[in-house]
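In what follows, every chain begins at residue 1, and chains take the letters A, B, ... in the order their sequences are listed. Keep in mind the model is a prediction, meaning the values are calculated, not measured.
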Protein chains: 2
Amino acid sequence: MSTARGARARARIEVTAAIKDEARRQLAKEGAAKLSLRAVARELGMVSSALYRYFPSRDDLLTALITDAYDSLGATAEAAHGKVAADGPIRRWAAVCEAVRGWALAHPHEYALIYGSPVPGYAAPDSTVPAASRVGLLLIDIVRDAHQGRGVALTPLPAELEPEARRMAEDLAPDLPPEAVTALVAAWAQLFGLIGFELFGQFHRVVEDREAFFRNAATRLGHGVGLVFPQGGGTAGGGNRPGS
Amino acid sequence: MSTARGARARARIEVTAAIKDEARRQLAKEGAAKLSLRAVARELGMVSSALYRYFPSRDDLLTALITDAYDSLGATAEAAHGKVAADGPIRRWAAVCEAVRGWALAHPHEYALIYGSPVPGYAAPDSTVPAASRVGLLLIDIVRDAHQGRGVALTPLPAELEPEARRMAEDLAPDLPPEAVTALVAAWAQLFGLIGFELFGQFHRVVEDREAFFRNAATRLGHGVGLVFPQGGGTAGGGNRPGS
DNA sequence: TCCAAAGCAAGAGCAGTGCTCTCGATTGTG
DNA sequence: CACAATCGAGAGCACTGCTCTTGCTTTGGA
């Protein structure tokens, strides 16, 4: 059903893709604030008004780019995870974190679009939720696998947070202990804090070797959600060989 | 020397302040993207070109607002810290974190201006550095005080990070152990990750009781940099009474 | 096969933007 | 007092998002 029946429908999805491509190109070059519908149309050899047949407004174009960016990031993270799926949880956790950072460094403006300040009056429609959740779900899976084997000791929750923690666990991962879910959500936000600070220049003249710094911070983040050290497996863990 | 000698100079700083005030008002209402020089001028009863006598460009106006925002945040954090200066390190740490979050919630658009995606081709001039550093310096002070008394055990650094950690410690706090400084910088970034996620809607349908969630996450962040529990002081800690 | 309906690109036009330049008027200083 | 610096006002340029109307082309049903 998704195969276009007529030539017209086919042309429509092609033009739509071309518009998004050109918009993405301008986005990467100048940033979201300077993304101009007219410039996109000009570059595509059409007139600005024609573009409104495909996107009812500039914000709708941005929404499409946002969804695509979430999906691109999610796919990158999932692919990176797939390559180390046989390793231990911290290794997988670190791999996902580094993949997210790598994608952010490679697509700074798209990253800013989805994790930076939201556009003026714009509220992301619910249609972006599935794409936006992919990285989070991946992290949940990793933590779930780690807790599957044996229970991991986490610092207990304060009483004031217990109901909320129970609720979050119910929503996100009913098979995980509430303190693990709470720590996970926090680590998830903190991960993007690290990346955002690096990307948005807050580490200027503060952190130089950002690669090493991030690797360490991300690993510590993993420890914070209960993932254990590679060599801590007891059985002379397979996976302790130095990576390239 | 800062007192204006002539009436003209006095008028100048007054008009400059009025422009920033009105700009801040529009910023709070519509966000940075919709901040219009013309609208500011209109509201002030002058013509747009007159405004260029005070700010050479829109970006310069934004820069002024950015510096002011950093200072406002820094002052808020310092004031909050001053009120609990006699308490233990984690309490002071948590107080600063919550003050930062409170300021962010009260001034979301200004927060987005300084910690959100940077504007297009804009690079913050070095003049913003001192104002931008205030919160970070405050956190360093707290950690320094905590480590002053007794050394606190932190997880050792991996070899690859050791030179960078040493360098950072040299730059930021030569009297602190490198692993503490590294953890502190990470926690600093992670703190703003928590706040940014809450503010920019990433916690939508995920975290409900954000107050409690943040308090717990911020406290755990403090533990991560070596700050100990209030009741862990041994001497039946003064400061364990439930705060209002 | 024919024809109305729908989809489409183009152009003109509106209201708004940042910014520049010029022109008088005001103001402070030698 | 006179000169120079400063300031506000206005016109104007190039640009933006967006709307509306005008024709042309494709499509799908009778």
Side-chain angles (χ1 to χ4, degrees), chain A residues 1 3-20 22-27 29-66 109 113 118-122, chain B residues 1-20 22-23 25-27 29-66 113 118-123:
Chain A
M1 53 178 69
T3 47
R5 282 204 314 276
R8 191 156 220 170
R10 183 179 306 271
R12 182 170 180 74
I13 68 171
E14 243 170 52
V15 173
T16 304
I19 292 172
K20 286 204 291 187
E22 177 56 34
R24 223 185 315 274
R25 205 169 301 129
Q26 292 199 12
L27 187 70
K29 207 189 300 174
E30 300 273 14
K34 300 216 166 175
L35 202 173
S36 149
L37 274 185
R38 291 183 112 111
V40 170
R42 202 180 306 130
E43 209 67 24
L44 260 49
M46 41 171 144
V47 84
S48 73
S49 59
L51 220 144
Y52 284 82
R53 300 259 169 211
Y54 300 89
F55 295 94
S57 83
R58 200 193 94 118
D59 281 5
D60 288 273
L61 214 195
L62 275 180
T63 300
L65 295 181
I66 287 174
H109 288 113
L113 201 59
V119 299
Y122 172 85
Chain B
M1 55 178 70
S2 82
T3 48
R5 284 203 313 275
R8 192 158 219 169
R10 185 180 305 270
R12 182 171 180 77
I13 67 171
E14 242 170 53
V15 172
T16 304
I19 291 172
K20 287 204 290 186
E22 177 58 32
R25 206 168 300 129
Q26 292 198 14
L27 186 70
K29 207 190 300 173
E30 300 272 15
K34 300 216 165 175
L35 202 172
S36 152
L37 274 187
R38 293 182 110 108
V40 171
R42 204 180 306 132
E43 209 68 23
L44 259 51
M46 42 172 141
V47 86
S48 73
S49 59
L51 220 143
Y52 284 82
R53 300 267 174 207
Y54 300 88
F55 295 94
S57 80
R58 200 194 94 118
D59 281 5
D60 289 272
L61 214 195
L62 276 180
T63 299
L65 295 180
I66 286 174
L113 202 59
V119 299
Y122 172 85

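- In this entry the distance linking CD of B/Gln26 with C1' of C/dG16 reads 13 Å, nearest Å.
- No N or O donor and acceptor, one from the side chain of B/Arg38 and one from the base of C/dG16, sit under 3.5 Å apart.
- Interface residues of residues 45-56 of chain B facing DNA chain D, ordered by number: B/Met46, B/Val47, B/Ser49, B/Ala50, B/Arg53, B/Tyr54; criterion, heavy-atom separation under 4.0 Å.
- In this model, the phosphate group of C/dT26 is not approached by any side-chain N or O of B/Arg8 to a distance below 4.0 Å at OP1 or OP2.
- Between the CZ atom of A/Arg58 and the P atom of C/dT17 there is a distance of 15 Å, rounded to whole Å.
- Between the CZ atom of B/Arg12 and the C1' atom of D/dG8 there is a distance of 13 Å, rounded to whole Å.
- Counting all heavy atoms, side chain and backbone alike, A/Ala41 lies closest to A/Ser48 at CB-CA, 3.7 Å.
- Among the protein residues, A/Leu44 comes within range of no part of the nucleic acid, since none of its heavy atoms lies under 4.0 Å from any strand.
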Side chain to side chain contact (heavy atoms under 4.5 Å, CB included) between A/Leu51 and A/Leu44, intermediate numbers included: CA-CA 10 Å; A/Leu51 220 144; A/Leu44 260 49; 5.7 Å; no
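- Whole-Å rounding puts the B/Arg10 CZ to D/dT6 P distance at 19 Å.
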Side chain to side chain contact (heavy atoms under 4.5 Å, CB included) evaluation trace for A/Leu113 with A/His109: CA-CA 6 Å; A/Leu113 201 59; A/His109 288 113; over 6 Å; no
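- Nearest heavy atom pair, residue A/Leu35 against residue A/Ala23, reads CD1-O, 4.1 Å.
- The CD atom of A/Glu30 sits 11 Å away from the P atom of D/dT16 (whole-angstrom rounding).
- The shortest side-chain heavy-atom distance between A/Phe55 and A/Thr63 does not fall under the 4.5 Å cut-off.
- Across all their heavy atoms, B/Lys20 and B/Ala64 have their closest contact at CD-CB, 3.9 Å.
- Separating the CG atom of A/Leu37 from the C1' atom of D/dT19 is a distance of 13 Å, rounded to the nearest angstrom.
- Rounded to 10 degrees, the angle separating the terminal helix axes of the helix from C/dT1-D/dA30 to C/dG30-D/dC1, each built from five base pairs, is 0°.
- The closest side-chain heavy-atom distance from A/Arg53 to A/Val15 is not below 4.5 Å.
- Two residues are said to be in side-chain contact when any heavy atoms from C-beta on lie closer than 4.5 Å; A/Val40 and A/Arg58 fail this criterion.
- Atom CG in B/Leu35 sits about 8 Å away from atom P in C/dG18, given to the nearest Å.
- In this structure, the CG atom of B/Asp59 is 10 Å from the C1' atom of C/dG18, given to the nearest Å.
- Atom CZ of residue B/Arg25 and atom NZ of residue B/Lys29 lie 8.0 Å apart, to the nearest 0.5 angstrom.
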